[in-house]
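Down below is the structure, laid out as structure tokens.
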Amino acid sequence: MTGTDTSLADFPMRRPGVAFPPPEYAHFREQPGLVRSRLPTGAAVWLVTRHEDVRTVLTDPRVSSNPDHDGFPSLLGRTGGVPSPDTMPGWFVALDPPEHDRFRKTLIPEFSVRRIRQLRPVVERIVGDRIDAMLAAGGTADLVADFALPVPSLVISGLLGVPEVDRDFFESRTRVLVTTTSTDQQREAATKQLLRYLDRLIAIKRKRPGDDLISRLLAAGTITPAELSGVSMLLLIAGHETTANNIALGVLTLLMHPQWIGDAGVVEELLRLHSVADLVALRVATEDLDVSGQLIRAGEGIVPLVAAANHDEGAFGCPHRFDPGRKARHHVAFGYGVHQCLGQNLVRIEMEAAYQALFDRIPGLRLARPAAELPFKYDGVLFGLHSLPVQW
């Protein structure tokens, strides 16, 4: 097969009005080996859809996440490209071990369960402030714009040590980056503005360190100031829209299944069910390898689909059913292996705090439009909602 083989199915496969994950994923899992598909660029890739195969690929040292390798898949034209370590120093998710390890080992203490628990009061205060603002504005809101997007932005900016006076600017520029209606020019401008801001902030923290992540990473001395700008951008982008989409989709799901509001298993099941980062884990083989009897040659692109894995009936019974009572901790919504999301503990407490406060303080919360009419992000890197009109 070649990169221009017209017999290949186009990918991504999201379609307006069709449930996510796409129904093709279930069909692919039933096929022997892997599935060959074609990206918007015309390049052919291997789609990995079974739970076991996705975990195998994401832990195989012959599989790279570095976009500088020949054959690395790109969704350019629909989603934008993946930064490389050359274009953005510190963008460590695009590095393989051992280079990747230096960044991850330095950052792990900042996102440990213990550290994130300490942040919970801060997260709860931010959630409470946003609810106060919604209530003060009247009886309706767009839960995406007025709540789901600002909460993670304000949490991350506080974590990085962004002064409160600058957080409106920080949040507004970040919103441009993660909003699919932004033009390429708007995103490029927002990226430059944020990088300039972060460079200045890092310079200030070098002279006057505070009790924040940037100051602690500078003190550790294992990441250069230039790399720290890229690390900060990565944390900002990775932690913002994923969390916002999870919060919004979770609220929608709970409004449609109110019997589960307050259940302890809600967050983990929502992460599995929605798997918003389905298209994020792009990879390329650096050596020949075999996955489920399928030979993948060095230089061929691979797309492990986390939503397909999390809806594999071999790993989760009745996977399309929302069932917080199931044991879903082995889902791969945060990826798997050395690149598994560092911020997953923070995402969990943000979701927990959001659902608890929203439904406690606004018990009459309900959709302002039928669920079938809501604008889902069929064309974004991450799945989610463009808006979620609610009233009370």
Begin from the C-alpha positions of Gln294 and Asp53 and carry the test side-chain contact (heavy atoms from CB on, under 4.5 Å) through to its verdict. CA-CA 11 Å; Gln294 177 66 60; Asp53 290 346; over 6 Å; no
Can you check side-chain contact (heavy atoms from CB on, under 4.5 Å) on Phe92 and Leu234, steps first, answer last? CA-CA 8 Å; Phe92 64 96; Leu234 176 58; 3.3 Å; yes
Does the pair Glu269 and Asp323 meet the rule for a side-chain contact (heavy atoms from CB on, under 4.5 Å), with working shown? CA-CA 7 Å; Glu269 175 66 350; Asp323 179 11; 4.1 Å; yes
Just do the side-chain contact (heavy atoms from CB on, under 4.5 Å) check on Leu47 and Met13 with the steps written out, would you? CA-CA 12 Å; Leu47 301 183; Met13 295 163 175; 4.1 Å; yes
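Smallest separation of non-hydrogen atoms from Arg348 and Phe334: NH2-CE1, 3.7 Å. In terms of heavy-atom proximity, Asp96 sits nearest to Ser65 at OD1-N, 3.0 Å. Summarising the geometry of Arg321 relative to Arg272, their closest heavy-atom pair is O-NH2, 3.4 Å, with the distance given to 0.1 Å. Contact record, Asp288 with Ala298: OD1-N, 2.8 Å, taken as the closest heavy-atom pair. Val45 and Pro73 get closest at one heavy-atom pair: CG1-CB, 3.8 Å. For Ser37 against Leu8, the heavy-atom pair with the smallest separation is O-CD1, 3.8 Å.
By the 4.5 Å heavy-atom criterion applied to side chains, Arg117 and Arg120 are not counted as neighbours. No side-chain heavy atom of Ser229 sits less than 4.5 Å from a side-chain heavy atom of Pro89. At least one side-chain heavy atom of His274 sits less than 4.5 Å from a side-chain heavy atom of Thr253. Side-chain contact check for Ser112 versus Ile108: every heavy-atom pair is 4.5 Å or farther apart. Within the 4.5 Å cutoff, no side-chain heavy atoms of Leu95 are placed close to those of Arg102. Taking 4.5 Å as the limit, every side-chain heavy atom of Thr243 sits out of range of all side-chain heavy atoms of Val151. Contact annotation: the side chain of Tyr355 approaches that of Val267 to within less than 4.5 Å [non-hydrogen atoms, C-beta and beyond]. Contact annotation: the side chain of Ile202 approaches that of Ile214 to within less than 4.5 Å [non-hydrogen atoms, C-beta and beyond].
Note that NZ of Lys377 is 10.0 Å distant from OG of Ser387, once rounded to the nearest 0.5 Å. The CG atom of Leu135 lies 4.5 Å from the CD1 atom of Ile362; values are rounded to the nearest 0.5 Å. Residue Ile204 holds its CD1 atom at 6.0 Å from CZ of Arg208, rounded to the nearest 0.5 Å. One finds the CD1 atom of Ile302 at 10.0 Å from the CZ atom of Phe72 (value rounded to the nearest 0.5 Å). Rounding to the nearest 0.5 angstrom, the gap separating the CG atom in Leu367 from the CG atom in Leu143 is 10.0 Å. Atom CZ of Arg283 and atom CD1 of Ile296 lie 12.5 Å apart (nearest 0.5 Å).
Side chain of Ser153 to main chain of Leu149: no donor-acceptor pair is present (N/O by atom type, distance under 3.5 Å, no hydrogens or angles). A donor-acceptor pair under 3.5 Å is absent between the side-chain atoms of Glu241 and the main chain of Ile237, judged by distance alone. No donor-acceptor pair under 3.5 Å is formed between the side chain of Ser215 and the backbone N or O of Asp211. No donor-acceptor pair closer than 3.5 Å links the side chain of Glu110 to the backbone N or O of Leu107. Although no hydrogens or angles enter the test, the distance criterion places a donor-acceptor pair under 3.5 Å between the side chain of Arg50 and the main chain of Gly33. At least one donor-acceptor pair under 3.5 Å links the side chain of Gln344 to the backbone N or O of Cys341. When atom types are taken as modelled, the side chain of Lys205 and the backbone of Gly161 share a donor-acceptor pair closer than 3.5 angstrom.
Other residues, nucleotides and ligands contribute only 12 or fewer heavy atoms inside 6.0 Å of the CZ atom of Arg206. Within a 6.0 Å radius of CZ in Phe103, other residues, nucleotides and ligands contribute more than 12 heavy atoms. Applying the 6.0 Å contact sphere to CD of Gln391 captures more than 12 heavy atoms from other residues, nucleotides or ligands. The environment of Asp70 atom CG is sparse: at most 12 non-hydrogen atoms of other residues, nucleotides or ligands sit within 6.0 angstrom. In the displayed structure, Asp10 atom CG is contacted under 6.0 Å by more than 12 heavy atoms of other residues, nucleotides or ligands.
Judged by distance alone, the side chains of Thr286 and Ser64 never bring a donor and an acceptor atom under 3.5 Å apart. Checking Arg115 against Gln118 by side-chain atom types alone, a donor-acceptor pair falls below 3.5 Å. In summary, the side chains of Ser275 and Asp278 do not present any donor paired with an acceptor at a separation below 3.5 Å, with no hydrogens or angles considered.
The residues Glu268 and Arg326 are annotated as not salt-bridged, no charged nitrogen and carboxylate oxygen being separated by less than 4.0 angstrom. Between Asp132 and Arg361, at least one side-chain N (NZ, or NE/NH1/NH2) sits under 4.0 Å from a carboxylate O, which counts as a salt bridge. Glu188 and Lys192 are joined by a salt bridge, as a carboxylate oxygen and a charged side-chain nitrogen come within less than 4.0 angstrom of each other.
Both cation-pi conditions hold for Arg36 and Trp46: the charged atom is under 6.0 angstrom from the six-membered ring centre and inside a 45 degree cone around its axis.
In this structure, Leu385 is a member of the same hydrophobic cluster as Leu255, with clusters built from ILVMFWY side-chain heavy atoms closer than 4.5 Å. The hydrophobic cluster containing Phe316 does not contain Val266, counting ILVMFWY residues as joined when their side-chain heavy atoms lie under 4.5 angstrom apart, directly or transitively.
Ring-plane geometry between Phe169 and Tyr197 is classed as tilted, the angle between the planes lying from 30 to 60 degrees on a 0 to 90 degree scale. Ring pair Phe20/Phe383 is parallel by interplanar angle, where below 30° counts as parallel and above 60° as perpendicular.
With respect to His51, the ring-ring contact (aromatic ring centres under 6.0 Å, His included) criterion is satisfied by exactly one of His331, His330, His311: His330. With respect to Phe147, the side-chain contact (heavy atoms from CB on, under 4.5 Å) criterion is satisfied by exactly one of Leu358, Val390, Leu388, Asp142: Leu358. Here the options are Arg14, Arg29, Arg15, the test is salt bridge (Lys or Arg N to Asp or Glu O under 4.0 Å), and the partner is Glu24; only Arg15 passes.
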